Amino acid sequence: MTEWSSNLNPTQFKAVTHRTGPLLVAAGPGTGKTRVLSYRIGHLIKTGDAKPDQMLAMTFTNQAAKEISERVFRLLNTELSSGCVNNGQKVPKISTFHGWALEFLKQTLQEAARLPIDEKDAKDICQEAAKKLRLSNTKPKVLQERVSRAKQYYPPRLTEDEDLTALIHVYHELLKKYGLWDYDDLLLEALRLFEHDEIREKFLRDFPFVLVDEFQDVSPVQYSLIKSMAKKNGNITVIGDPNQAIYGFRGASPEFMHYFKTDFEDVETVVLDTVYRCPQIFLDAATSLIKDRSAVRLKSVKDKTPKIRIKPFEDPVDEANWVARTIEQIVGGLSFVSLDSGTAGGNTLRSLSDVAVIFRAKVLGNPVAQALSKQGIPFQRADTPDPLAQKELRSIWRVWEILKGRNIQYHLLKLPGGKDLWNRKLFDLKPGFQDKDGPQLLSYIIDILDLDPNRPLLKALARAIKGNPHVNSLAVLLRNEADMLDINIEAVSLLSIHAAKGLEFPIVFLIGCESGIIPWKEADPEEERRLFYVGLTRASEEICLSHVKHRRLFGQMMHGGPSTLIADIPQNLLIKEKAKKTRVPQRPRQQRLF
DNA sequence: TACTCGAGTGTTTTT
DNA sequence: CACTCGAGTA
């Protein structure tokens with residue numbers, strides 16, 4: 001315990017050691033949210049207040065669940081070795097909302113539980129439903145989005161739209177026929193189960209300690225779930241930052257943070273306001289954007305407070321080239337702030353992984369990606385497409401699922417070539433597949449799908465499986481491989497602001513700071529402010545906001561001028577730089593290999 | 001059933 | 001611009 005408290009500041013300590021009853025932790029950017037969450041779990045175990053398997057911690061992403069698990073286990077292991085905790089093999093359940101819901105449904109409904117499908121299959125089924133109804137608009141993507149949007153509410157919010165009502169009805173009939181649930185159903189069905197008193201009572205007995213991460217991002221359904229998961233005076237901890245609520249477009253609302261205080265009884269509120277990440281000026285700029293400047297003033301522990309640089313450019317290519325050149329100089333050993341100003345730079349040696357370029361919409365990353373490749377600077381983008389959207393991989397995955405005995409009927413139906421063919425093909429060979437390992441399964445699948453195993457895509461897949469021979473879910477493996485933005489890799493990161501949430505980088509370029517881009521035209525202006533807030537608080541040392549005069553977006557010329565949000569920041573926190581007339585000649589710095 | 005081509009359309013994203 | 005989707009053709 002003593003070692004623990006030495007790692008925590010007083011407010012963190014208060015949140016970690018809070019004993020019983022509802023707890024709301026308002027945690028600004030870089031205030032040690034994950035630390036508090038994992039320490040709290042560890043602390044509850046250590047004091048004996050909770051048995052490990054009485055705890056459920058819920059996150060939004062697998063990544064977050066993994067991170068927290070790792071920290072908790074690291075914490076407990078250290079404690080274990082010093083003999084403080086007597087650990088049974090029981091462990092706290094740390095899982096995503098959806099992951100927990102699926103398990104809960106399986107456990108409660110047994111064989112009556114259906115099988116989950118991903119978004120792509122949901123689109124297909126939406127389309128099937130729309131065709132049945134002869135709706136005029138049958139775009140699967142649009143339909144699925146509208147259906148999913150409605151299903152963020154319980155009961156699903158059907159508005160006045162009759163088409164949507166009918167569509168959802170038929171869509172649900174189809175899902176029922178196939179024995180499937182979409183992602184939204186997992187949460188909705190879990191919520192439905194909680195309407196049965198005996199089921200809810202059992203849950204309350206099983207999990208008297210519930211913790212929720214990124215609480216500001218909960219949807220109405222998730223909020224209802226949370227309310228069902230604890231008594232009004234129960235041991236429920238929620239942690240989040242209302243100023244970083246940027247998922248309104250999928251039904252989340254920062255309001256739930258306020259509701260929590262009245263929906264539960266005697267809520268203890270702890271505000272984490274000591275920021276370990278950002279310099280004070282970045283924090284002041286960020287908070288100045290938020291309307292109800294909630295009495296909280298974030299305080300940075302950093303002594304250096306560089307100002308925020310504002311850089312104007314003519315067009316996206318200028319902007320991108322400047323970013324690329326500047327990065328090159330940074331990793332060359334010159335400090336960022338002193339560039340252009342003639343001062344000799346500090347000697348901080350930067351690595352490419354210290355740098356992120358972030359932006360409001362993914363397309364804005366393209367010119368930067370081009371400029372970086374031209375300069376031979378390695379970079380990684382977070383926005384890799386879902387690998388399972390690719391045809392071959394999807395077929396491979398379907399056969400894999402069939403051989404693993406999951407969702408067989410539906411996958412047979414969807415495989416190219418048709419059900420009968422595949423029934424025949426798979427029939428003879430199925431026995432004994434339980435024992436085959438990943439690589440064997442894959443080569444078998446490639447064989448019966450008649451694919452060329454030497455294609456780079458399949459070779460990469462084979463490599464991924466080889467590193468993970470006992471993988472059960474190919475989907476999880478593929479998606480992890482694909483969108484894992486590897487922080488340790490020696491490369492610049494290109495990310496949307498959304499994708500950057502939760503991350504930090506010493507040096508951040510926030511590009512495309514123009515009105516119409518951020519704030520995005522026709523978007524909730526308050527949420528746009530929070531987005532900018534998130535963007536500004538990603539940097540731990542230096543940040544530069546840039547804007548251009550003209551930008552071609554979706555084939556249309558935009559000239560919104562510098563973002564109105566920049567004008568809303570107290571100007572003494574900014575250094576505005578003049579546009580440079582001189583266009584630096586393109587020098588090919590590094591020959592590309594091919 | 002499988003592929004090509006042109007019209008249409010645009011934020012952000014997890015499960 | 002760049003991509004997706006679906007109509008149309010083989």
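Everything quoted here is computed from the prediction, not taken from an experiment. A, B, ... follow the sequence lines: proteins, then strands. Residue 1 opens every chain.
For DNA chain C, no neighbouring residue in residues 172-185 of chain A is found when judged by any heavy atom under 4.0 Å.
Note on Gln127(A): only backbone sugar-phosphate atoms sit closer than 4.0 angstrom, heavy atoms only; bases stay farther off. Residue Phe97(A) is classed as having no contact, given no heavy-atom separation below 4.0 Å to the nucleic acid. The residue Pro116(A) sits apart from the nucleic acid: no heavy atom pair falls under 4.0 Å. Across all strands, Asn62(A) comes closer than 4.0 Å only to sugar-phosphate atoms, never to a base (heavy-atom distances). Using a 4.0 Å heavy-atom distance criterion, Glu119(A) is classed as a base contact.
The stacking criteria are not both satisfied for Phe60(A) over the base of dT14(B), which would need a centre-to-centre distance under 5.5 angstrom and an angle between ring planes under 30 degrees.
Ranking dT13(B), dG10(B), dG8(B) by closeness to the Lys139(A) side chain, first place goes to dG8(B).
Screening residues 111-128 of chain A for side chain to side chain donor-acceptor pair (under 3.5 Å), with sequence neighbours left out, gives Asp118(A)-Arg394(A), Asp118(A)-Arg479(A), Asp121(A)-Arg394(A), Asp121(A)-Arg398(A), Asp124(A)-Lys414(A), Glu128(A)-Tyr178(A). Residue pairs meeting the ring pair (Phe, Tyr, Trp, His ring centres under 6.0 Å) criterion with at least one member in residues 112-155 of chain A: none, sequence neighbours excluded.
Heavy-atom nearest nucleotides on DNA chain B were determined for Glu145(A) and for Val142(A), and the one closer to the 5' end corresponds to Val142(A). The residue among His98(A) and Glu528(A) whose nearest nucleotide of DNA chain B is located toward the 5' end is Glu528(A).
Of all nucleotides in DNA chain C having an atom under 4.0 Å from a heavy atom of chain A, the first and last in 5' to 3' order are dC1(C) to dG6(C).
Between Asp184(A) and Ser148(A), the side chains place a donor N or O and an acceptor N or O closer than 3.5 Å (distance only, hydrogens not considered). Side chain to side chain, Glu392(A) and Ser395(A) fail the donor-acceptor criterion of an N or O pair below 3.5 Å.
For the P atoms, the distance from dT4(C) to dT13(B) is 15 Å, rounded to whole Å. When the P atom is compared between dC5(C) and dT12(B), the two are found 15 Å apart, to the nearest whole Å.
Atom CG of Leu553(A) is separated from atom P of dG10(B) by 13 Å (rounded to the nearest Å). Note: OH (Tyr247(A)) to P (dT15(B)) measures 10 Å, nearest angstrom.
Dashed line: the shortest gap from a side-chain N or O of Thr96(A) to OP1 or OP2 of dT14(B) is not under 4.0 Å. Listed pair Lys362(A) / dT13(B) meets the phosphate criterion, a side-chain N or O lying under 4.0 Å from OP1 or OP2.
Below 30°, between 30° and 60°, or above 60°: for Tyr223(A) and Phe256(A) the angle between ring planes is below 30°, a parallel geometry.
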List the atom pairs, donor and acceptor, that lie under 3.5 Å between side-chain atoms in residues 554-564 of chain A and the rest of the protein, sequence neighbours left out.
| residue | atom | partner | partner atom | Å |
| --- | --- | --- | --- | --- |
| Ser563(A) | OG | Ile518(A) | O | 2.8 |
| Ser563(A) | OG | Leu565(A) | N | 3.0 |

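In this structure, the side chain of Arg250(A) does not engage the main chain of Gln152(A) through any donor-acceptor pair within 3.5 Å.
The pair Lys33(A)-Asp241(A) does not count as a salt bridge, with every side-chain nitrogen at least 4.0 angstrom from each carboxylate oxygen.
A search for ring-ring contact (aromatic ring centres under 6.0 Å, His included) contacts involving Phe104(A) returns Trp100(A), Phe194(A), not counting sequence neighbours.
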